[in-house]
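Structure first, commentary second.
Just so it is clear, the structure is predicted and the values come from calculations on it, not from any experiment. To find a chain, count down the sequence lines: A is the first, B the second, and so on, and within it residues start at 1.
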Amino acid sequence: MTRKIQAVKGTREFYPEQMYLRNYLYEKVRAASQAFGYQEWDAPFIESLELYAAKSGEELVKRQSFTFQDRGGEYVTLRPELTPSLARMIAARQNELIFPVRWWSFGPCWRYEQPQKGRTREFFQWNVDLLGVDTPEADAELIAVAAEFLRSVNLKPSQASIQVNDRRLMESEFNRLKLPASSRLGLSNLIDRRSKTEPDQWDNDVLELGVNQTQLSGLKELLEDFSMWEKSESLKRLFSALDSIGVSEYVSFNPSVVRGLLYYTGTVFEAFESGGSVRRSILGGGRYDRLLEDVGGKPLSAVGFAMGDVVVGIILQEAGLIPEFRASTASVLVTVYDQSSMTASLMAASELRKAGINTLVYNEPSKYPRQFKYADRMKIPIVVVLGPEEIMRRNVTIKALNSGEQVSCPAADMVEKIRSMLAEGN
RNA sequence: GAGCCUGUAGCUCAAUGGCAGAGCGCCACACUGUGGAUGUGGAUGGGGUGGGUUCGAAGCCCAUCAGGCUCCCCA
């Protein structure tokens, strides 16, 4: 036995069963995106390093990206996210695109990080973006797309929810508390991870940023104030829109959601699982009105979110929400009695395929127990038996494995009979 | 980039430093034209990898790889 070569650290192998989950997610994100009229797009998987160096933090580029020199000496990067590519592509055609632009994408991204539960180095990311509309209703639409997805995979509001805040509201509250401007970035980071820090430790961390006791208690009061959104006209409109769209049961206001990213300028939101084993967010996004000009385009308002496939995949698995894996794509297995009946079996299978029925032939003469067992394990619901007796009488025998029902009929009626058996739910 | 835990049959896991095991799965037969259920029997391991200590290592030590839990970071 030769030495086994392992898969690269942090990658996943997609055996048919995992591929099934991946395609299931793809199907659901497509449906949610298209329900709101979004168009699918994609960008190159490899981009030049400069694209990220321009906007993304140094941390990301230097430590968390797969970057290497190609044979021509150019530095290229496996895309760690989609937004910079989106910004470039929008900027390149800013004068010819039909705005507002509604785009979605589902494709692979790479980050050089320590793999943990819910975090791999290679993952698929669903991105949804709306560019060219600056209204609370636009923000609500994005949140609704996300909520519609959660609903479509049968996650109930009690299992997963989207929590919303607005940076402009937080900014005005910070002003009210007269928090020093220099401390605000650090404060946002602390707010972000307040839930996983010991309370005393957290207070200390805040005070170290040059905040006084009065401001600290004001800040804590503000983070407990779940009706603070009523102070914001745009959040009021946002929640009212979510109500009209019919997804408000999935959405709530949370003053602790600020998100680490620098480029968000208004509404921010993040979806979490309630009480599960994964302590990571399912998806996150917000309004980023300055990104386009930052990459050299004309100013353009934008709102979007991204969801990785890993966390949501684990959540669905643990909640038992993944539909049963159907091993074979075939609805029918045609057995082969012996070499002399092979032709009849191949022809019968071909007839079924012409009728649009996915059919597999067990194309070596084998004992029936083996062939039936194969059909059973591959979850093929119907087995056609075409042995010497059937051939002599111009019959076929059809067995539905789920019910165990077995019938014989003239070969000419085979397609019709199988159709009706499949329609009965076999 | 840092700390800690784990790695034994296809899977889930046992075994005071002293003969490497169980359940499930798999294969065969009972059932020579029919899957699942039941019964009986059977196969499978250079113990993640490479060194070291020891009369003797799955276990102890070192290194390394992978997974997991934190920190960090989260585009």
Response to the item:
Separation of B:rC31 atom P from A:Gln371 atom CD, nearest Å, is 21 Å
Discussion item. At 4.0 Å (heavy atoms only), tell me whether A:Val385 reaches a base, stays on the sugar-phosphate, or touches nothing.
Written reply: base
Worksheet item: Rounded to whole angstroms, how far apart are OH on A:Tyr374 and C1' on B:rC27?
Response: 17 Å
Worksheet item: Looking at A:Phe305 versus A:Trp126, is the centre-to-centre ring distance below 6.0 Å?
Response: yes
Discussion item. Can you measure A:Glu113 atom CD to B:rC69 atom P for me and round it to whole angstrom units?
Written reply: 14 Å
Worksheet item: Is any side-chain N or O of A:Arg377 closer than 4.0 Å to OP1 or OP2 of B:rC27?
Response: yes
Worksheet item: Among B:rG33, B:rA66, B:rC72, which is the nearest nucleotide to the side chain of A:Tyr368?
Response: B:rG33
Worksheet entry | Rounded distance in Å - CD1 (A:Ile380) to P (B:rU34) | 19 Å
Worksheet item: Starting at CG of A:Asn189 and ending at P of B:rC71, how long is that distance when rounded to a whole Å?
Response: 14 Å
Practice prompt. Give none if B:rC24 has no partner; otherwise give the nucleotide forming a Watson-Crick or G-U wobble pair with it, both distances under 3.5 Å.
Written response: B:rG10
Discussion item. I want to check a possible cation-pi pair here: A:Arg184 against A:Phe174, using under 6.0 Å from ring centre and within 45° of the ring axis as the test.
Written reply: no
Worksheet entry | Cationic N near anionic O, under 4.0 Å, A:Glu148 to A:Arg151 | yes
Worksheet, complete the sentence: Among the nucleotides B:rU34, B:rC74, B:rG67, whichever has the atom closest to the side chain of A:Arg111 is B:rC74
Worksheet item: How many Å lie between CZ on A:Arg393 and C1' on B:rG33, as a whole number?
Response: 12 Å
Worksheet entry | Pair A:Phe36 + A:Trp104: ring centers closer than 6.0 Å | no
Discussion item. Can you measure A:Arg121 atom CZ to B:rG67 atom C1' for me and round it to whole angstrom units?
Written reply: 12 Å
Worksheet entry | A:Asn165 and A:Tyr264: side chain donor to acceptor below 3.5 Å | no
Practice prompt. Please state the P separation for the pair B:rA57 and B:rC71 - nearest whole angstrom.
Written response: 41 Å
Worksheet item: Watson-Crick or G-U wobble partner for B:rA2, using a 3.5 Å limit on both distances?
Response: B:rU70
Item to complete: Using the C1' atoms only, state how far B:rA14 lies from B:rG23, rounded to an integer number of Å.
Response: 11 Å
Discussion item. Tell me whether the ring of A:Phe372 lies stacked over the B:rU34 base, given a 5.5 Å limit on centroids and a 30° limit on the plane angle.
Written reply: yes
Item to complete: Among B:rC27, B:rA2, B:rG68, find the nucleotide with the atom closest to the side chain of A:Arg370.
Response: B:rC27
Practice prompt. Under 4.0 Å between any heavy atoms, over every strand shown, what does A:Gly304 touch: base, sugar-phosphate, or nothing? Just pick one.
Written response: nothing
Practice prompt. On RNA chain B, check which nucleotide each of A:Leu82 and A:Gly10 is closest to and give me the residue with the more 5' one.
Written response: A:Gly10
Discussion item. In whole Å, measure the gap between the P atoms of B:rG51 and B:rA58 for me.
Written reply: 14 Å
Worksheet item: Touch check for A:Glu390, heavy atoms < 4.0 angstrom, all strands: base, sugar-phosphate only, or nothing?
Response: base
Discussion item. Please pick, from B:rU34, B:rC71, B:rC29, the nucleotide with the shortest atom-to-atom distance to any side-chain atom of A:Gln406.
Written reply: B:rU34
Item to complete: Please state the C1' separation for the pair B:rG48 and B:rG59 - nearest whole angstrom.
Response: 15 Å
Worksheet entry | C1'-based separation of B:rG10 from B:rC73 [nearest Å] | 37 Å
Fill in: Per A:Gln64 side chain, nearest of listed nucleotides B:rA28, B:rC73, B:rA66
B:rC73
Practice prompt. May I ask which nucleotide in the shown strands pairs with B:rG18, Watson-Crick or G-U wobble, both distances under 3.5 Å?
Written response: B:rC55
Fill in: Rounded distance in Å - CD (A:Glu13) to P (B:rA66)
14 Å
Worksheet item: With both distances kept under 3.5 Å, what pairs with B:rA30, Watson-Crick or G-U wobble?
Response: B:rU38
Worksheet item: Can you find a side chain N or O atom of A:Lys367 that sits less than 4.0 Å from OP1 or OP2 on B:rC29?
Response: yes
Discussion item. For the residue pair A:Arg370 and A:Tyr374, would you count it as a cation-pi contact if the rule is NZ or CZ under 6.0 angstrom from the ring centre and within 45 degrees of the ring axis?
Written reply: no
Discussion item. For the C1' atoms, the ones on B:rG36 and on B:rC19, what distance do you get once it is rounded to whole angstrom?
Written reply: 39 Å
Worksheet item: Is the side chain of A:Arg121 donor-acceptor paired with the backbone N or O of A:Arg111 at a distance under 3.5 Å, no angle test?
Response: no
Worksheet item: Is A:Arg168 paired with A:Glu171 through a side-chain N to carboxylate O contact shorter than 4.0 Å?
Response: no
Fill in: B:rA63 and B:rC11, which share atom name P, separated by this distance in whole Å
28 Å
Practice prompt. Remember a base hit wins even if backbone is also touched, and classify A:Gln125 as base, sugar-phosphate or nothing at under 4.0 Å, heavy atoms.
Written response: nothing
Worksheet item: Are any side-chain N or O atoms of A:Glu416 and backbone N or O atoms of A:Asp413, one a donor and one an acceptor, separated by less than 3.5 Å?
Response: no
Worksheet item: Do the charged groups of A:Glu405 and A:Lys417 touch, with an N to O distance under 4.0 Å?
Response: no
Worksheet item: Are OP1 or OP2 of B:rA66 and a side-chain N or O of A:Lys9 less than 4.0 angstrom apart?
Response: yes
Practice prompt. Answer yes or no: side-chain N or O of A:Arg119 and base N or O of B:rC73 forming a donor-acceptor pair under 3.5 Å.
Written response: yes
Please list, for nucleotides 36-44 of chain B, all pairs of protein and nucleotide N/O atoms separated by less than 3.5 Å.
residue, atom, partner, partner atom, Å
B:rG36, O4', A:Asp376, OD2, 3.4

Practice prompt. Tell me whether B:rG46 sits syn or anti, counting syn as a glycosidic angle within 90° of 0.
Written response: syn
Worksheet item: Can you tell me how far C1' in B:rC62 sits from the matching atom in B:rU53, rounded to whole Å?
Response: 11 Å
